[in-house]
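Just so it is clear, the model here is predicted, and its values are computed rather than measured.
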Amino acid sequence: MPSSQAQPLVSVIVIVYNDAARLPRAVASALGQSLRGLEVLIVDDCSTDDSFAVARRLERENPGRVRALQLPANSGGCGAPRNHGVAEARGEYVMFLDSDDELAEHAARNLYEAGSRTGADLVSGLSVRRFLGNRHGKTDAWYPWIYSRTRTLDSIAELPDLLVWDTLSTNKAYRRTFLAEHALTFPVGILYEDLLFSSQAYLAAERITLIPNRVYWWDVAPPSKGERSLSNRRHEIRNFTDRLEIHRRIDAMLADRGMVELKYRKDVKFLKHDLVLHLRDLPFLPEDFRKEFAEHARGYLAGLAPEAYEEVGSPQRICAYLLGQDDWDNLLPAVDTLINRDKLAAPLTEQDGRVYFCAEHLDDPEGRKVLDVTAHGYHAAPLRKLFLRNRLTGYAAGPQGVELAGRIVNPLGRVPADAKLAARLDFSPRRKGMKSFSFPVAEVRHDGDGIAWRATADIARKLRPIGVLDAVWDVRLVLTANGERTTTRLTVGDIDLAAAAAPAVRPRLTRLTGDRLAPHATARGHLAFELAAEGAAARRGTDLVERALRGEASAVANAAADRARRTVRGALQLKRTLNNGDTKLKVYHRLLQRLPVVKGQVVFESQQGLQFSDSPRAVYEELVRRGAPMKPVWSYAKSTEGFPSGATLVRRWSWQYLRALAQAEFWVDNQGYPYRLRKRPETTYIQTWHGSALKKMGFDLASLKRQTPAQQAEYLAGLDRFDHFVVRSEHDVRTLAPAYRIGEERLLRTGYPRNDVLLREDAAKDRQLAGELGIDLSKPVVLYAPTFRADARGKVRAFELPFDVEEFADRFGDRLTLLVRCHYLNRVVLPPSVRGRVVDVSDVQDVTPLYRLSDALVTDYSSLMFDYALLDRPMLFFAYDWEEYAEDVRGTYFDLLSEAPGPVLRDAGELFAALEELEATGKEYADRRREFAAAYGEYDRGDAAARIADLMFGPEPGGGPGRQARGEQAQGGPGQGGQDQQDQHERETVR
């Protein structure tokens, strides 16, 4: 090229190796840039296909703008062709582009102008991964928080995340003189050259500018059975050793500059990301590879900052530790947990009141610390909530079908030896909405610290895939132990599925779509089957179908494939449409509400379907007791466990739920049915609510005041559905009623039905519940029931006990029992060391029996203080975060510190001291408790449920406790805003 030609503003270096088909697209994205004065250098790494010929053609078609260069021999990596391109480049700035990616239209302009404006040596923009072939057009921005705004750094130390996380070279523009001055080149003959080059550039640059603009399209092709990219060949040990070598070189550079903080952050990233990438593949690699891998890993891990281990998750710490100990028996299950979040992969061990991942290494203080998994709560979670490892121990294709065997981990003997066991295998198509098939498990039994099973799945006879659309089938085993179910996936482990036989199938779209279900391990290591072709006819057919779907086959074949595709996809689309929230709303309002009202039908709901509890339960039980002519329906959100067998149970937001609401004579709930469901005039809505107000509610909240008029109108429309709103005091009338714009005519001054039982004795039930919970009633029982924690935006925060529960147990455990009742939006994990002395009762749906069971209450700001006051028992207020809660988060209707009917305690020391003097404290605050109960529970008289039952179905024959209520019922009323659940309630939307 003549030297007299004007210097280009930007040189785009496009590297290519055996990618002739995609190269023109990449080059077109560079030539199509909105910035003029740009040259393109195509550097071919001595391809064996037509890549260089294509490059020469592009050079001829774009004289003066494109140059085609070729290395004399293949370098085996990206470094050498990029270095050659830089040496030939003439632009003021240099950019890199891979032949299988594209530049965004304004990439060069945005990067160049930012560099020119700020004088930056290096300018970086947003890279976006584009998943080719994804029918939803999936994209994923690469660490977008780094590029949230335009900013210029004078040192990489100002933003360590840039060096730690964005190690790409392709989303950047480098000043060419800067590269030359510092002799910055890519390493050759080693993988992960981007990582080292980027780090060198970051550390050398005197000014770095970041822009929020998208500059690079990083295209991710669908998985294929062909050749993997160099960096994805993690089955080759060089892939790992090269990564370690690159990291060592970067560590040396950071050490030379004394950049301790950057080194620490990079160590954290290595544990979180780099090491995990390789650990994920270990279960599928041979033993000799694992041993060599471990030898290399141990050397590098020894040099990481010890503090870095504190910054990563428990699975990463456990895997790194066990890798260092060369403990493969425990490491491989730990990797399974690492790959599959929340999977419990080991039988666990309990020692000194703590739970550990394994019994080994507990004599090592570091091992004891790392392997402690008490905080995960495995020991306390019910079986149905545990995701247990189920390792495949056998696979064979026999005359009766696929013969499978496995072993499920049994942590801490959760499934007792005498448990009644049953199981089934579920084969489910990957595409949602399609039919699954089940097979019984013939043998399931205890086997030491596991559950062994064996089954035969006659796939050829029973499983009938459609073909094409349901090509992949996942396998799950559902285990039932004493009536409680848990679902597992089948971990392939060391079973060689490549040599396993594939069972025959007959797809409904004929065998042209496949004739076998080939077993394979998923990316997470689980057994799955994929429709494949073995016979010649099937191979020709699948090839024809695939070509038809790509539009490459004959017109007849295309038409046939298109008809089959439209039929099946149409049915699936119809199912999705019918279950769409907007569709349900339309059908509910236009059709279901035209159905006749069912006389006596009552739809009950508590805590948005999460519980059978509270005042709706009390009203239901009163109506059942008196034999009222009702047809009860209870809404449940997740599980029917604990709900009454004498009622119709409907899942919240199901079609059955919508029809029940549309035809109900009464709605009774304590929080709010979905806002967008209108109530027909013939239906009476009794809103019992769920707590008097300490914290501000409804339209008194700043967050609601900031909403648009349209949002506020929609919210108010939900409140206006209430025909009656239950209040228990004039305090509710002064607070909740105006907060929810509820007029006097709708207020129902009956008190809360849930509190009726607090005003009468029922010691038998107390003893029964105590027996179920294993509570010794010879000692005083203290109930700790905090409210939930949320920030100013209403987002629920994580909750941790604000005192040392083990210290509590050691100090008080022989004198009293502590019950911990978390808000349903929170959870807490108690260590086994406090077992019997501190009891988690959060799963007890109805809190009222816990009130009666306890001798004292410790709370903070929960509305249950108003209910518990009716018992006239000691109350302690642990307000350790009062200023933040009352002033910064919600605001309150009165000053709890001055009005609390018990001592207000600000730290754990004060709490423990007050518990030491519990009896004296109770006597000291006796008068104030009674005043508090009178002020905030004046309408709680023990007959609220009866009075509401009278309102619904008339007085009980022969007279009843609620008979006099008929004269007062005109003061009914609804309102939407209660105590602890308010934030959740305001977020209710159509699902």
[X] vs [Y] side-chain heavy atoms within contact, under 4.5 Å:
{"X": "Y192", "Y": "N239", "answer": "yes"}
{"X": "W217", "Y": "D101", "answer": "no"}
{"X": "D45", "Y": "I15", "answer": "no"}
{"X": "E245", "Y": "I190", "answer": "yes"}
{"X": "V215", "Y": "L126", "answer": "no"}
{"X": "S75", "Y": "P81", "answer": "yes"}
{"X": "N340", "Y": "T491", "answer": "no"}
{"X": "Y216", "Y": "L103", "answer": "yes"}

Roughly how far apart are [X] [atom1] and [Y] [atom2], rounded to 0.5 Å?
{"X": "L323", "Y": "L279", "atom1": "CG", "atom2": "CG", "result": "6.5 Å"}
{"X": "T48", "Y": "N74", "atom1": "OG1", "atom2": "CG", "result": "8.5 Å"}
{"X": "L35", "Y": "L111", "atom1": "CG", "atom2": "CG", "result": "10.0 Å"}
{"X": "L196", "Y": "D242", "atom1": "CG", "atom2": "CG", "result": "11.5 Å"}
{"X": "R317", "Y": "K272", "atom1": "CZ", "atom2": "NZ", "result": "11.0 Å"}
{"X": "I246", "Y": "S199", "atom1": "CD1", "atom2": "OG", "result": "9.0 Å"}

Parallel, tilted or perpendicular for F293 and F289, by the 30°/60° rule?
parallel

Test of understanding: with side chain to side chain donor-acceptor pair (under 3.5 Å), list the residues that count as partners of [X], not counting sequence neighbours.
{"X": "R130", "result": "E102, D219"}
{"X": "S34", "result": "H106, R109"}
{"X": "T185", "result": "none"}

Regarding [X] and [Y], do their side chains bring together a donor and an acceptor under 3.5 Å, going by distance alone?
{"X": "D49", "Y": "Y17", "result": "no"}
{"X": "Y93", "Y": "R175", "result": "yes"}
{"X": "S51", "Y": "D19", "result": "no"}
{"X": "T209", "Y": "T152", "result": "yes"}
{"X": "Y202", "Y": "K172", "result": "yes"}

Audit row: D98, W218, side chain to side chain donor-acceptor pair (under 3.5 Å) steps and yes/no
CA-CA 9 Å; D98 292 344; W218 176 1; over 6 Å; no

After noting the C-alpha distance and the side-chain angles of V12 and L41, does the key distance pass the side chain to side chain contact (heavy atoms under 4.5 Å, CB included) rule?
CA-CA 6 Å; V12 178; L41 289 81; over 6 Å; no

State, to 0.1 Å, how close [X] and [Y] come at their nearest heavy-atom pair, and which atoms those are.
{"X": "A532", "Y": "A518", "value": "CB-CB, 4.1 Å"}
{"X": "V66", "Y": "L58", "value": "CB-O, 3.9 Å"}
{"X": "A30", "Y": "L97", "value": "CB-CD2, 4.4 Å"}
{"X": "L71", "Y": "C46", "value": "O-CB, 3.6 Å"}
{"X": "H526", "Y": "V492", "value": "C-CG2, 3.8 Å"}

When you measure from the side chain of [X] to the backbone N and O of [Y], does any donor-acceptor pair fall under 3.5 Å?
{"X": "S11", "Y": "G91", "result": "yes"}
{"X": "E39", "Y": "A89", "result": "no"}
{"X": "N171", "Y": "G125", "result": "yes"}
{"X": "R129", "Y": "D140", "result": "no"}
{"X": "Q33", "Y": "A108", "result": "yes"}
{"X": "S47", "Y": "N18", "result": "yes"}
{"X": "R90", "Y": "P8", "result": "no"}
{"X": "E158", "Y": "D154", "result": "yes"}
{"X": "S169", "Y": "D194", "result": "no"}
{"X": "E193", "Y": "A80", "result": "no"}

Let's go through Y147 and S124 carefully: what are the C-alpha distance in whole Å and the side-chain angles of both, what is the deciding distance for side chain to side chain donor-acceptor pair (under 3.5 Å) to 0.1 Å, and is it a yes or a no?
CA-CA 9 Å; Y147 298 98; S124 189; 2.6 Å; yes

Within 45 degrees of the axis of the six-membered ring of F186 and under 6.0 Å from its centre: does R82 put its NZ or CZ there?
yes

Should D166 and S198 be marked as a side chain to side chain donor-acceptor pair (under 3.5 Å) after you check the CA-CA gap, both sets of side-chain angles, and the distance that decides it?
CA-CA 8 Å; D166 186 6; S198 296; over 6 Å; no

Less than 4.0 Å between a side-chain N and a carboxylate O, is that true for [Y] and [X]?
{"X": "R248", "Y": "D251", "answer": "no"}
{"X": "R56", "Y": "E59", "answer": "yes"}
{"X": "R207", "Y": "D121", "answer": "no"}
{"X": "D474", "Y": "R489", "answer": "yes"}
{"X": "R67", "Y": "E88", "answer": "yes"}
{"X": "R265", "Y": "E261", "answer": "yes"}
{"X": "E113", "Y": "R117", "answer": "no"}

Would you please test E92 and Y112 for side chain to side chain contact (heavy atoms under 4.5 Å, CB included) and show each step?
CA-CA 9 Å; E92 188 177 340; Y112 176 79; 3.0 Å; yes

Does L244 form a side chain to side chain contact (heavy atoms under 4.5 Å, CB included) with H296? I'd like the steps, not just the answer.
CA-CA 8 Å; L244 292 183; H296 292 293; 3.9 Å; yes

Centroid separation under 6.0 Å, is that true for the rings of F529 and W473?
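Ring centres of F529 and W473 not closer than 6.0 Å.
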
If you apply the rule side chain to side chain contact (heavy atoms under 4.5 Å, CB included), what do you find for Y300 with F240, and how did you get there?
CA-CA 11 Å; Y300 186 75; F240 185 58; over 6 Å; no

